[in-house]
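Here is how names work: the chains are called A, B, and so on, in the same order as the sequence lines, proteins then strands, and each is numbered from 1.
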Amino acid sequence: MTTAVAPILHVDDVTVRFGGVTAVSGVSLQVERGARWAVIGPNGAGKTTLFKTISGEVHPTTGRVHLFGADTSRSTPYKNAQSGLGRTYQVTELFQALTVEENLSIAAQARARSRFACWRPLRIKGWIDERITSVLDQLHLSAERHTVVSELSHGEQRQLEIALALATEPEILLLDEPAAGLSAAERRLMRDLVEGLSRDLTIVLIEHDMEIALELVDHVLVLDNGQVIAEGDPESIRADDRVQAVYLRSD
Amino acid sequence: MRRIRFVILISIMAMVAAACSAPDAGDDTTTTAAATATTSGSVDATTTTAGAAETTEAMAEGCDEPIRVGVLQPLTGGLAASGTDAKDGFELYWANHSTEIAGCTVEFRVEDTGGNPDTALQKVDELVQNYGAQIIVGELLANVTFALADRLKDNEDVIFMSPIGSADDMTQRNPFPNFIRAGGWTSSQTSHVLGQWAFDNGYTDVASMCTDYAFGWEMCGGFTQVFTEAGGTVAASEQLWNPLGSTDLGTYVTQLSGFDPDAVFVLQVGASVSDFFQNWSDFGLKEQIPILAGEVTADVSNIRNVPVDQVEGLISSGHWAEGRDAPETQEFVELFDAATGRLPSYYAAATWTAAQYIDETIQAMNGDLSDKAAALETMKGLELLTPFGPSVLDDYGNPIYDIYIRQVVVRDDGRVWNVVIDTYNDIDQFWPKSADEYLQQPVYSREFQGNAGG
Amino acid sequence: MLRSLSLTARVKLGLAAAGIGLGVAAPYIFDRFVIGLISLALIAGLFAQSIDLLGGYAGLITLGHAGVSGTAAYGVGYMASKAGAGFTAQIAVGFLAGMTAALIFGVMAMRSDGVYFIMVTLAQGMIVWGLSIRLFRITGAENGLTGIPRPPAVELYWQYYYLTLVVVVLCWALLGIVVNSPFGTSLKGLRESETRMRMLGYNTTGQKLYVFLIAGFFATVSGILLVYLNGFISPSTVILAASAIGVLEAILGGIGTLVGPMIGAFIIVFVQNVVSIYVSRWPTLMGTLFIVVVLFARRGLVGAISDGWNKWLHRNDAPVSQEPVLTSSNRTAGP
């Protein structure tokens, strides 16, 4: 396998069963470096399970997952993260009792050797400080640098979700419903934030809100009951009758 | 800036004041502490006056200082009931005997160890250094007793009496110079006798079920060795060991009945005692297989918590028998019952006897305990009639007693107690062997039960 | 230098200096009994701090930590009492025993979290206790091991107190470095969200083993200090209650801090040994104290004191402090 032509993410006919329940059934997708993908579908369609399979939190029952050209079907989340995968959570998963800066310093050092250092104080300077500052700027959180996370608003916490993932400098970023629970105004802000992320960064996002999803990406995968029911560019998906039917049914 | 210095100053003062208050309080409340300690338990207030209140009166002429005794027992925690018995027995003695002896005043203080050696070691330092105790009486648990003995072994100004802690080696292979077991016993001393009695009474094949720790090994080993050397059989495969503190003994009891023995030697402690008798009764074994119980299992402190029909008739051996028909025993039993509403356990008898030894030693030394080695020798030379019966001490400081074969009987008032059905006179800790021969063998353990049959 | 620090930092510095000053002066002020108690409390405090490194910082509450410190103590005790070895060998074996226990326990516990971690460590503590009452050739069963003298240079109580003080203060400083290090910060992340830590690229299993070994090291030190303080070791040192009291001390003083467990240890040691002389129902008193702290000062005494201090600090500028909070926040109006 030559890495030059290999896609950054290749999900190959993956099926995931929990006991008797099939959460994901025969799903395949190939994400090229720098591409932006959305996985949409109604609740319970298997979107988050697919994400977990990619990140290594769940192992596929059959089928294979390749990240950065390597088979990661049996890999673990931390190994995938070490090789450059970032992921956010639909339900906010932050270090609530720590400050924004501490959150980001943990994330920034996640892929550095210094994460093991226990013989010297944590120093937020040099590259760590630069990275934290840049991520905070990108996500408009600079003013909250020293705020304890639990005191942030929900919208700010959603922004920090992405900031944490970005601080590890991932090559591919999985965003699990970044706009979940946000107001209309905040959604627009979130959309702009994601839109403004570096084009070098490969993004796969799950979004329940089809409109936001379709505005942000160039490839869409539609799941229903764990199966792919449509795939293509946003325009063709918007026009697809089956997709419309699924969304009408779920609403 | 001034404000900061002020805050720091106040903080330092507060810390110093807080820390200083401890020893100060310790010094000026020495005598009242005795009173609080004695009133703290369940003893009736009348029993406390003799112990402490009188000591504040003018000193008698013979002594410049009162003779102070420190008592360490677990008054809180899992062993609180037994520790309280021990405390009550000691206090009861002084409530019924003058604390003015040979012109000296005896003063004592009871301290709670919580059954914890760390605490006991701190408290014994406090008693010896601050209170000025010349005699320490303690504790119930073997490990705490060992810890105290080790701490006190180099202190030539203190006599350490252990009337309850009964680990064999304290007066056998690991003796301490200023340690004396007046009022006490060694674990295997009483079960040796039960082994002989069992063989004499026609049992030939006995199984055992003992708690799996040193006290259980020693009790069981004492029985097994004498019984098998006399000609009986205890198959190693029929010796069951249940964990300390277990309260689900059904499986063990089932196994025992499968061995079909002539009798079972049983040593259980604490909560396991009532669980054992409940199971034994539930499986219908009470009428089929006789139980021969180790002393503590049949002690009144344990059997008073068991339904009467489950323990009535139970055979055991012991240096204590509260139902022994002798004035020196019954006087004490009635006093204790009147004061506490309980029949006295061996814990209570032990500390009463320790107090009696202290009393007699002070009399014999005419109030002068300054030479502890001499006092120790004097104590070892005493021949006393105690609630246990006649008591003398061997060269190792362990009592030579009459050991009783006891049976649980229901009294007229409905309570159970142990009466004497047979007596073995003048039994020392090595009986039936000589000390030299006995000390050749290792201390009893799960691996060494002295089983003559192998 | 001092002027550049905040008032709070200066007060902390002052208290630390006062504490160390008092610690150095103590043998000249107090009698042997109190010095013995302070030694015991310092050792208990170090033990509670090492529990807090796991529980308060990494969120891994252990109920078997006395198994680690106790194994170290038994290592020393065995070499002194049964093998008759020299002090170097005693201490070396003590360290080896403690760290081996920490390694084995760490490997067993590193894949669990939350309640399961508590259960696994509880079982580990019980195993050590079970072995301590069974392996009588090594441990002396429940009689324990006696005849463990201190090295001649620290034989006297006040000499040993100074040794304890130096070692505990040194360990405290080391712990301070650990909790403020990059690794220490990542422990807080582990406490807050293990899922997120994994997804950021942390091998949380390895992280747990690592912190277990560090905590095990300090527990080992405390175990070795304790066995020489008492000259004695028995199963009481490794029972469940010994581990639980360490956790209690940390909670009482304030978990997630280093000074908290030390304060908690001093309180409990003094209640157990001094208050119990005057108050026969001291366990009730301790229970009440604990309940009050848990109900009204959830961050322990240190948390309550620091809250009170902050309130006092801002008592005059309450209206002023409101303003910047509002203006500095770019909080958008929520839905």
What part of C/Leu145 gets closer than 4.5 Å to chain B, counting heavy atoms only: side chain, backbone, both or neither?
-> neither
Got a sec: does the CD of B/Gln441 have more than 12 other heavy atoms crowding it under 6.0 Å?
-> yes
Do other residues, nucleotides or ligands put more than 12 heavy atoms under 6.0 Å from the NZ atom of C/Lys12?
-> no
Need one label for [X]: side chain, backbone, both or neither, based on atoms under 4.5 Å from any heavy atom in chain C.
X	result
B/Asn174	side chain
B/Leu141	neither
B/Thr119	both
B/Trp217	side chain
B/Gln122	both

Between B/Lys123 and B/Glu111, is there a side-chain N and carboxylate O pair less than 4.0 Å apart?
-> yes
Under a 4.5 Å cutoff for heavy-atom pairs, which residue among [options] has the most contacts with chain C?
options	answer
B/Leu121, B/Thr113, B/Asp169, B/Asp125	B/Leu121
B/Ala147, B/Ala167, B/Ala149	B/Ala147
B/Pro117, B/Ala120, B/Pro243	B/Pro117

Sorted by chain and residue number, the ring-ring contact (aromatic ring centres under 6.0 Å, His included) partners of C/Phe33 (sequence neighbours excluded) come out as none
With sequence neighbours excluded, tell me which residues meet ring-ring contact (aromatic ring centres under 6.0 Å, His included) with B/Trp185.
-> B/His319, B/Tyr346
Hey, which of C/Asn273, C/Ile133, C/Leu40, C/Val275 has the most heavy atom pairs under 4.5 Å with chain B?
-> C/Asn273
Are C/Phe232 and C/Val227 close enough that some pair of their side-chain heavy atoms sits under 4.5 Å apart?
-> no
Any side-chain donor paired with an acceptor under 3.5 Å for B/Arg181 and B/Thr171?
-> yes
Modelled atom types, side-chain donor and acceptor of B/Gln73 and B/Asp85, under 3.5 Å = no
Going by the angle between their ring planes, with limits at 30° and 60°, are C/Phe270 and C/Phe266 parallel, tilted or perpendicular?
-> parallel
Which atom names give the shortest non-hydrogen contact between B/Ser272 and B/Thr247, and what distance separates them?
-> N-CG2, 4.5 Å
For B/Arg446, what residues pass the salt bridge (charged side-chain N to carboxylate O under 4.0 Å, His left out) criterion, not counting sequence neighbours?
-> B/Asp212
Sorted by number, residues from residues 135-143 of chain C in contact with chain B (heavy atoms, under 4.5 Å) | C/Phe136, C/Arg137, C/Ala141, C/Glu142, C/Asn143
